[in-house]
> 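What follows is a single structure, and I will ask about it in a moment.
Ligands are counted one by one from 1 in listed order, and the atoms in each one are counted from 1 as well. What you are looking at is a predicted structure, and each value in this text was computed from that prediction instead of being measured. Starting from 1, each residue takes its place in the sequence as its number.
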Amino acid sequence: LNKIAVLTSGGDAPGMNAAIRAVVRAGIARQCSVCGIQHGYDGLQAGEFVEMPSSAVGAIVSRGGTMLRSSRSATFRTKEGRICAVGQLKQREIQGLIVIGGDGSLTGAKVLFEEHGFPIMGIPASIDNDIPATDHSIGFQTAVDTALDAIDKVRDTAYSHERVFIIEVMGRQNGFIALEAGLAGGAEAILIPELPVSLDDVCAKLEAGHSRGKKSSIVVTAEGAATAIEVCKFVEAKLGYEARYLVLGHMQRGGSPCAFDRILATRLGDLAVERLLSGATGEMVGDSGGELVSTPLIEVLALHKPIDTARLRLAEEMAL
Ligand code: F6P
C-alpha cells in the first residue's frame, strides 16, 4: 500500500486532530502518501479529498475539534451510499481507509469492509468512552477534565450560597463521563443510565448529608439517566432546598486535548497505519492496561463496555 486516506466521523472529540496528524506523519514515515477526506462519510461519497503533506497537519496537535470536519451521514447508512463511497476511493487509487470516530462511525467502517472487502482500520474517538475493546476512546479524558472544571467552579458558588446544584453531563446512553467526573469532583450523588434511577434515593442522600450539617451538594446526572431540570424540580419540591441546575452540553466536546488524549491519539494513529500497511484490515486499534491492541471490528461491535460499578460505590462512600 502506498496511498491511504483518513476521515473523521460522528461527534467530534478533542484529540481527533492529533490522530489525523499521527496518521499523516506515520504514513509519510513509511513512504505512504495520505489523503484527507472532509466531512466524514458525506465527504467520502461526494469526493471531498484533499492532499495531506506533513505541513497540512502542522500546529494542530493542540487544537480541539477536527480540521477535516465531521458529519453524521444518513446516506452512508444505505447500500447505494457505500457503493458510491468505494467508487470514490478506487477512482483515486486509494488502497486503505482509516476511520476516526465513535461506535456509529466504526459500525459504518465494519459494514464497508464486510460488503466490499475494502482495507480499513478504525481509531476510537468519542467523548462518551462507550467503545468496547479499548480502555479509552480519544477525547474522553479531556471531556472529563472539562466537566470536572465546571463541577469545581460550581462547588464554590454552591458552598457560598448553601445550595444544591444539579449538573448534567453528556454520554448518550452511557454514564462514563458522569461517573468519572462525579468521582473526581466529589459529587454527593451520581446518576447513570446503566443503573436504575431513583430521585427519591437522591433526595435521601441529600437529606442525610444535610442532617450531618452539609449545607451544599452537587448532583451529577448523565443525560441518559435524568435531565438536570427534572432532578432540580424534584429536589426542590420534595426537600424544599434551594437548588439550581446547569447543562454542560457541547462545551464538553471542545477545547484543547489533554496530554493523555494527545499521546493516545498519536500512538493509535501510528499503530493504525502500521497495521494497515502490514496487511491487517477490518480492525480497530485501542489500549488495554496501557498496552496497544488491535481487535477485529466485528468482535468490537458485538461487545458491550460495562461501567465500573466499584467506582460508583467508591463515590458513594466518599459522599458519606
Ligand atoms: O457521542 C458524542 C455526543 O456528544 C453524546 O455525548 C451526545 O449525546 C451526542 O453526541 C450529541 O450529538 P449532537 O452533537 O448531534 O447533538
Side-chain angles (χ1 to χ4, degrees), residues 7-20 38-43 63-77 99-110 122-151 166-182 185 190-194 197 220-231 245-258 261 264-265 268 284 286 297 300-301 303-305 307:
L7 62 80
T8 49
S9 166
D12 60 345
M16 277 184 161
N17 277 327
I20 296 168
Q38 288 177 323
H39 301 111
Y41 291 128
D42 274 347
R63 271 172 49 201
T66 162
M67 54 110 50
L68 286 175
R69 311 266 166 62
S70 193
S71 66
R72 297 193 193 277
S73 176
T75 47
F76 193 71
R77 291 173 192 270
V99 172
I100 304 170
D103 57 350
S105 309
L106 296 168
T107 302
K110 185 198 83 161
I123 299 180
S126 164
I127 63 162
D128 300 341
N129 207 33
D130 57 342
I131 305 165
T134 188
D135 289 348
H136 303 92
S137 53
I138 296 166
F140 170 63
Q141 201 61 61
T142 304
V144 167
D145 288 347
T146 299
L148 182 59
D149 184 49
I151 292 170
I166 325 295
I167 303 177
E168 182 183 316
V169 299
M170 273 187 168
R172 215 179 281 275
Q173 283 311 309
N174 301 282
F176 292 98
I177 300 176
L179 186 52
E180 206 78 349
I190 302 170
L191 294 172
I192 56 171
E194 289 85 349
V197 171
V220 173
T221 182
E223 63 177 350
T227 63
I229 186 163
E230 110 189 57
V231 181
Y245 71 91
L246 71 158
V247 179
L248 299 186
H250 286 79
M251 66 172 291
Q252 292 161 99
R253 290 235 295 259
S256 181
C258 65
D261 277 329
L264 180 68
L268 294 184
M284 184 196 81
L297 278 165
V300 174
L301 296 162
L303 292 167
H304 173 74
K305 191 171 189 176
I307 204 94

> Any side-chain donor-acceptor pair under 3.5 Å between D12 and T66?
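Short answer, no.
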> Taking the side chain as everything from C-beta on, heavy atoms only, tell me whether F176 gets closer than 4.5 Å to D130.
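Of all side-chain heavy-atom pairs linking D130 with F176, at least one is under 4.5 Å.
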> Which atoms of ligand 1 have any heavy atom of E223 under 4.0 Å away?
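Under 4.0 Å from E223, ligand 1 has these atoms: 5 (C), 6 (O), 7 (C), 8 (O).
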> Just to be sure I read this right, does ligand 1 sit under 4.0 Å from the backbone of Q252, its side chain, both, or neither, counting only heavy atoms?
neither
> Measure from the side-chain N and O atoms of D261 to the backbone N and O of T142, and report whether any donor-acceptor pair falls under 3.5 Å.
yes
> Students should be able to answer this: which protein heavy-atom is nearest to atom 6 (O) of ligand 1, and at what distance?
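That would be D128 OD1, 2.7 Å.
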> Which of the atoms of ligand 1 are close to H250, meaning less than 4.0 Å from one of its heavy atoms?
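Listed by number with element: 13 (P), 14 (O), 16 (O).
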> Using a strict cut-off of 4.0 Å, indicate which atoms of ligand 1 neighbour a heavy atom of I127.
4 (O)
> Is any side-chain heavy atom of I229 closer than 4.5 Å to a side-chain heavy atom of Y245?
yes
> Geometry only, no angles: is S126 polar-contacting ligand 1 at N/O separations under 3.5 Å?
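The answer is no, given that S126 and ligand 1 share no N or O pair closer than 3.5 Å.
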> Check the pair I131, L106 against side-chain contact (heavy atoms from CB on, under 4.5 Å), reporting the backbone distance first and the verdict last.
CA-CA 9 Å; I131 305 165; L106 296 168; 3.9 Å; yes
> What residue and atom, counting heavy atoms only, is the protein's closest point to atom 4 (O) of ligand 1, and at what distance?
R253 NH1, 2.8 Å
> Tell me which protein heavy atom sits closest to atom 9 (C) of ligand 1, plus the residue, atom name and distance to 0.1 Å.
R172 NH2, 3.5 Å
> S105 pairs by side-chain contact (heavy atoms from CB on, under 4.5 Å) with which of V99, L7, T8?
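By the side-chain contact (heavy atoms from CB on, under 4.5 Å) criterion, S105 pairs with just one of V99, L7, T8: V99.
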> Considering both backbone and side-chain atoms of G171, is one of its nitrogen or oxygen atoms within less than 3.5 Å of a nitrogen or oxygen in ligand 1?
yes
> Can you tell me which residue and heavy atom of the protein come closest to atom 15 (O) of ligand 1, and the distance to 0.1 Å?
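I find the closest protein heavy atom is R72 NE, 3.1 Å.
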> Quick check against the 3.5 Å criterion: does Q141 have a side-chain atom that pairs as donor or acceptor with the backbone of C258?
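Answer holds: no.
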